[in-house]
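Have a look at the structure that comes next, please.
Values below: all heavy atoms of this structure, side chains included; hydrogens, waters and symmetry mates excluded. Just so it is clear, the structure is predicted and the values come from calculations on it, not from any experiment. Order of the sequence lines fixes the chain letters, A, B, ..., with proteins taken first and strands second; residue numbering starts at 1 for each chain.
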Amino acid sequence: MFTELNSILSSSPDSVTPGEFILVSDRQSDASFLIHHFLSFYLRSRCKVVFLGLVQSFRHYSAVSQRLGVSLTQAKEKGQLVFMEGLKESLSVLIPQADNTESQAMNFLRDPPVGLRSLYEFVRSGAVGSGRAEDGAEEWGPPVLLVDDVSVLLSLGVDAGAVLDFSHYCRAAVCSQMKGNMVMLVRCNGEEEEEEDGEEGAEALLKGLTHQCSLNLHVQGLPTGYCKDIHGQVEVCWKRRQGDGPHTQRNLFQYKVHDKGASFFPRGTSSAVL
Amino acid sequence: MCNNIDVIISNMAAPVSGMGEAPAERLPINSTSFQKKTRSKLVSIPGTRPSVQNGQLLVSTGVTSLDYLLGGGLAVGTVLLIEEDRYDSYSRMILKYFLAEGVVCRHELFVATAQDNPDDILQELPAPILDDVAVPKAVEQPRLTGEPQDSLDAMKIAWRYQHLPKVQSALASSSRFGHYYDVSKTMEAEIRQAAKCHRFCLPDHVTPSSTAHRLESYSALLKSLQEVIHREGFDLAAPMSKSRNILRVGLHSLGSALWGDDLCCHDKPRHRHALTTFLYGLRALLRSSLSVAVVTLPSHLIQDRALMGSITRLCDNAIALESFKGSERETNPLYKDYHGLLYVRQVPHLNCLASQLPDHKDLAFKLKRKQFSIERLHLPPDLSETVSRVSRGELASACGPSASGTKNLDF
């Protein structure tokens, strides 16, 4: 959890705004450090967390969370965290074997055009589990869905429309129905101006998700080029649905990722330049 | 703190580098003394060391400067993507370095090719220089920095700048890791045959004729790799029955037409997701085993940049080579010291939040008589006086027609 980001977003683990869909996007840069922030943030705020880790192994998330002061293994044992390790699940589908004991979540790999229904079912059953208070089990807050990299689904052959459907269904279930939150990471690498056919998938996905979300954190490299001390800039964009109309608010910060967190500062005020 | 770690690492590297000389007799003695020093079970594998940043187990790529660039070495369980240069000469060389390092460290190899037989690559492995540890470095140092360095040493420097570190264009870390190779010679057959090598030659396995979403060739490769990992006990989940070893996977020219892939031939390939799906599976396999892969890819043939981006993201490390061969840059005096440019496309984020970013992005590589090295790109010093005078004269005359008389001017 990055405290500086919390103050920028004026959020704290004690009070989670219900029904928020936070989109973390990047372009020719890497925004995955923000996923670790949200993972530790929601675990601290005692929400029930469903994590779809599609790009990295559990050990990776666990090692990073450890540095941020949260233990994923403990959270898993206590039933707070439902973790899906996409890499592990995919192997049994990609290399078919006699003893098939895999879960259904990665079923889309068998036939990508079918869509992500099985994955949605997994999310739903994981999130719904929070309502039931079993004997002795701790009570957890509203469910939160975290997806590390939906764009990898495109690489696996699912088309952008299916991913948008998936996110819409998840939003309806998790954000609207269960009053929880949702965080998705989408990665894009083309130039903004490029309007090529090949770009369609990732670009359409980014646009579609930006339309759906209530808060967008967009990470980019520095427009002035590579710098060792400033890793990039993040654009924070709120969409205010209630209250002051369709007014959107934008803020731009530069950031640097450290070993155990990240610092955010207004443009041009890095300690490296001042 | 940092110094301590360096000392530990150099201690651990010592038995490893000694291994090549007399493998049979020395190995048991070294490995026993080795286990006393370190408690971790993973460190006892020869040819590996833990990363200073995040404790990740690293292996050397065989190219010292590339190791430095990747933050000390290749982390076990990751994929290094090399975007081939146009003639695939330098990317193939890095692949050979990687495999040769595996042979010297007694790791097991897995080589997959579609074009020629895996044995062709294995026969071309560079010969290791197995002298004393210190000797190659001492020889190497003056050669890397060149003659201007000698005159610099004698030069008086203003006191203000004296404490500044000496600019070293060649990338190298303080502690030695990996071996040196002589690319002018090939490795002796006995050394080569001592290493256990699994070969995957596509023509032996399938005839690529499938029209399915997933290509037969990639599935066969993934399956064969998984079999090796399971059978030879590289799986992390497998019980610790025997001593652990590292599997080095070298995949040559993935995505080329010979793999049955049409990424390179069409703007809108039919098997658009075949390679990315394969890389996803490869990552899944490697993450759960003691193996590390180097993949070369003819990226200049792939038109679709977005696709290239998603391929890069599915690998952990990615570098691209751009050779000057055949381009007009070959004759450009700016690049006369180098054979090509090297781009770092991606550095890994593994088990840590902050990735180790390179200090500089302007990198070039050159192939010296015996060694491949990566250096910081810098302008060559203009040492010859005649050249500079001529160019100055030319400059003056180029300034304008009125400047034609400058020759007569005397300052």
For B/Arg345, does the CZ atom have more than 12 heavy-atom neighbours from other residues, nucleotides or ligands under 6.0 Å away?
yes
Enclosure of B/Lys223 NZ (heavy-atom neighbours >12, cutoff 6.0 Å):
no
Which answer fits B/Leu314, side chain, backbone, both or neither, if we ask what part of it has an atom under 4.5 Å from a heavy atom of chain A?
side chain
A side-chain contact here means heavy atoms from C-beta on lying under 4.5 Å apart; do B/Arg287 and A/Gln56 qualify?
yes
Side chains of B/Arg313 and A/Val152 in contact at under 4.5 Å (non-hydrogen atoms):
no
At a heavy-atom separation under 4.5 Å, does A/Arg67 approach chain B through its side chain, its backbone, both, or neither?
side chain
Heavy-atom distance under 4.5 Å to chain B: side chain of A/Phe58, backbone, both or neither?
neither
Closest non-hydrogen atom pair, B/Gly281 against A/Leu91
O-CD2, 3.9 Å
How far does NE2 of A/His60 sit from SG of B/Cys352, to the nearest 0.5 angstrom?
7.5 Å
Counting only non-hydrogen atoms closer than 4.5 Å, does A/Lys256 touch chain B with its backbone (N, CA, C, O), its side chain (CB onward), both, or neither?
neither
Which is it for A/Asp30 and B/Gln346 under the side-chain contact (heavy atoms from CB on, under 4.5 Å) test, yes or no, and what are the steps along the way?
CA-CA 10 Å; A/Asp30 194 349; B/Gln346 184 161 283; over 6 Å; no
How long is the span from the CG atom in A/Leu156 to the OH atom in B/Tyr280, to the nearest 0.5 Å?
6.0 Å
Interface check, chain A: of B/Leu285, B/Leu279, B/Asp316, B/Thr312, most non-hydrogen pairs under 4.5 Å belong to B/Leu285
Heavy-atom proximity to chain B below 4.5 Å, by part of A/Tyr226:
side chain
For the residue pair B/Glu227 and A/Ile95, establish whether any side-chain heavy-atom pair is separated by less than 4.5 Å.
no
Compare all side-chain heavy atoms of A/His258 with those of B/Leu353 and state whether any distance is below 4.5 angstrom.
no
What part of A/His36 gets closer than 4.5 Å to chain B, counting heavy atoms only: side chain, backbone, both or neither?
side chain
By a 4.5 Å heavy-atom criterion (distance strictly below it), what part of A/Ser151 contacts chain B: side chain, backbone, both, or neither?
side chain
Answer whether the closest heavy-atom distance between the side chains of A/Leu94 and B/Thr277 falls below 4.5 Å.
yes
Is it the side chain or the backbone of A/Leu68 that comes within 4.5 Å of chain B heavy atoms, both, or neither?
side chain
Interface moiety of A/Ser155 toward chain B, non-hydrogen atoms closer than 4.5 Å:
both
